Number of protein chains: 2
Amino acid sequence: MDELDTAILRQLQEDARQPNRAIAQKVGIAPSTCLERIRLLRQRGVIRGYHAEVALPALNRSVQAMVAATVRPLSREVVAEFERSVSRLPEVLSVYTMAGSDDFLVHVTAQNIEHLHAFLLDRFTERREILSFRTMIIYQHLTNQVLDPLPPPSDSVTR
Amino acid sequence: MDELDTAILRQLQEDARQPNRAIAQKVGIAPSTCLERIRLLRQRGVIRGYHAEVALPALNRSVQAMVAATVRPLSREVVAEFERSVSRLPEVLSVYTMAGSDDFLVHVTAQNIEHLHAFLLDRFTERREILSFRTMIIYQHLTNQVLDPLPPPSDSVTR
DNA sequence: AATGAAATTTTTGGGCC
DNA sequence: GGCCCAAAAATTTCATT
């Protein structure tokens, strides 16, 4: 992970479909070198994949909410089963498993408020392991598409 | 947004770098047709972009947290400025602007717990508009990379 | 490791159904 | 709106440094 890898990663996070030739030019290396670097980044698992970003309203998903849920018992089995089954629901964008007073934060989308309400009644109210949940409407969700490496933890330089 | 568009979108969300020819074959159309569909999806803004997904530990981001913050006054100016400045911090992955008892949820990453703590003390404690914040550690974050359109709101069929 | 050029594959666009 | 086909462009490989 040198400066070159970082620059290449930045490009691929910004636009994963731009030609290898364009990336090579921007970071100042030959296309073949760039391609080899990208191949290694993928092989080492630094790049996990390439995904299209889709506008949620175009998918009839104009309403977003964060659902904070607590489950009981908080056992390995119940946690794993919650993660698995909830993350597979079509309305669910992501599941955060948390330390704190809420066990999970579930980022969900629906066509509108009525559908959101119906979804929660159908999929959350009925679940026996869910002790309680709170729903918070999301007005806006801003995402940082491009992430650079953070400076290594100071331990790794001093020791 | 017919079945074909949905199938193409699914492919591009799964792997945005697979050749157009491969997508065409999987959804059962000619490559030129597929390319034209993709071009239109982009033009209509359904596809917002293509991004590489990067492993957070490889970027020295092994710790994730959700920070729930409340600000005062909750004016248009303060909200906009919070969104703008906080989303630009390198540790911040995304900012959710919320309805509810918390005004924002901020998804942050750091090298480790010590760096997370330092980041919060440096960037949150000092801010004058932040009334309070709570930090919740994230054990795991599962994401649904592939989203299909939800069925259109029932209004649009009956009326 | 990086380069440059050759071989292969993919994308692109016009004409036709 | 979709398909076929030829030209253009991009990717990939590999011998060389």
Side-chain angles (χ1 to χ4, degrees), chain A residues 1-61 145-152 156-157, chain B residues 1-55 57-60 145-152 156-157:
Chain A
M1 281 300 305
D2 57 6
E3 268 304 316
L4 226 44
D5 285 332
T6 301
I8 293 170
L9 272 188
R10 198 178 299 132
Q11 288 302 320
L12 286 173
Q13 288 177 95
E14 247 162 42
D15 179 4
R17 292 212 69 156
Q18 63 182 312
N20 175 63
R21 209 167 58 90
I23 301 175
Q25 195 193 332
K26 286 180 199 162
V27 308
I29 54 179
S32 48
T33 306
C34 188
L35 197 71
E36 174 68 359
R37 290 272 194 156
I38 294 174
R39 206 184 58 75
L40 289 172
L41 286 168
R42 263 229 94 152
Q43 191 185 304
R44 282 158 45 203
V46 175
I47 297 173
R48 302 196 29 164
Y50 305 99
H51 309 287
E53 180 197 357
V54 179
L56 293 178
L59 301 179
N60 296 321
R61 296 166 180 269
Q145 294 294 0
V146 180
L147 298 176
D148 280 340
L150 293 179
S156 71
V157 241
Chain B
M1 282 300 305
D2 57 8
E3 270 304 315
L4 224 46
D5 285 332
T6 301
I8 292 170
L9 272 188
R10 198 178 299 133
Q11 288 303 319
L12 286 172
Q13 288 176 93
E14 247 162 42
D15 180 4
R17 291 214 69 159
Q18 62 182 314
N20 174 64
R21 211 167 60 92
I23 301 174
Q25 195 192 332
K26 286 181 200 162
V27 307
I29 53 177
S32 51
T33 306
C34 188
L35 198 71
E36 175 67 359
R37 291 272 195 155
I38 294 175
R39 206 183 59 74
L40 288 173
L41 286 168
R42 263 230 91 154
Q43 191 187 303
R44 282 159 44 203
V46 176
I47 297 174
R48 302 195 29 162
Y50 305 100
H51 309 286
E53 180 198 357
V54 180
L59 301 179
N60 296 321
Q145 294 293 2
V146 179
L147 298 178
D148 281 340
L150 294 180
S156 71
V157 241

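Below, read A as the first sequence line, B as the second, and so on, with proteins coming before strands; counting in each chain starts at 1. In this text the structure is predicted, and so the values were computed from the model without any measurement.
- Contact of the B:L9 side chain with the B:M1 side chain is registered, since non-hydrogen atoms from C-beta on lie closer than 4.5 Å.
- Within the 4.5 Å cutoff, side-chain heavy atoms of B:I8 are placed close to those of B:I29.
- Scanning residues 21-31 of chain A for heavy-atom distances under 4.0 Å to DNA chain D yields A:R21.
- Annotation for A:P151 and B:N60: closest pair C-ND2, 4.1 Å, computed over non-hydrogen atoms.
- B:D15 meets the side-chain hydrogen bond (donor to acceptor under 3.5 Å, both in side chains) test with no other residue; sequence neighbours excluded.
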Distance-only donor-acceptor pairs under 3.5 Å for side chains of residues 44-51 of chain B, two or more places apart:
unit_1 : atom_1 : unit_2 : atom_2 : d
B:H51  : ND1    : A:Q13  : O      : 2.6
B:H51  : NE2    : A:E53  : OE1    : 2.8

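- Taking the 5' to 3' direction, DNA chain C first and last meets chain B under 4.0 angstrom from a heavy atom at C:dT10 to C:dG13.
- Counted within 6.0 Å of CZ on B:R21, heavy atoms from surrounding residues, nucleotides or ligands total 12 or fewer; the atom is thus considered open.
- In this structure, the side chains of B:P31 and B:L35 stay at 4.5 Å or more apart for every pair of heavy atoms.
- Near DNA chain D, meaning a heavy atom under 4.0 Å from it, residues 32-46 of chain B has B:S32, B:T33, B:R37 in order of number.
- B:P57 pairs by the side chain to side chain contact (heavy atoms under 4.5 Å, CB included) definition with B:A55, B:S62, not counting sequence neighbours.
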Evaluate the side chain to side chain contact (heavy atoms under 4.5 Å, CB included) criterion for residues A:V54 and B:L147: first the C-alpha distance (whole Å), next the side-chain angles of each, then the deciding distance (0.1 Å), finally the verdict.
-> CA-CA 8 Å; A:V54 179; B:L147 298 178; over 6 Å; no

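- Direction change of the helix axis from one end of the helix from C:dA1-D:dT17 to C:dC17-D:dG1 to the other is 30°, with five pairs defining each end axis (rounded to 10°).
- Considering CG of B:N20 and CD of B:Q11, their distance stands at 11.5 Å, rounded to 0.5 Å.
- Counting only residues at least two apart or on different chains, the salt bridge (charged side-chain N to carboxylate O under 4.0 Å, His left out) pairs with a member in residues 26-43 of chain B are B:D2-B:R37, B:D5-B:R37, B:E36-B:R39.
- Atom CD of A:Q18 has more than 12 heavy atoms from other residues, nucleotides or ligands within 6.0 Å.
- Along DNA chain D, the nucleotide nearest B:D2 and the nucleotide nearest B:R17 are compared for position; the residue whose nucleotide lies closer to the 5' end is B:D2.
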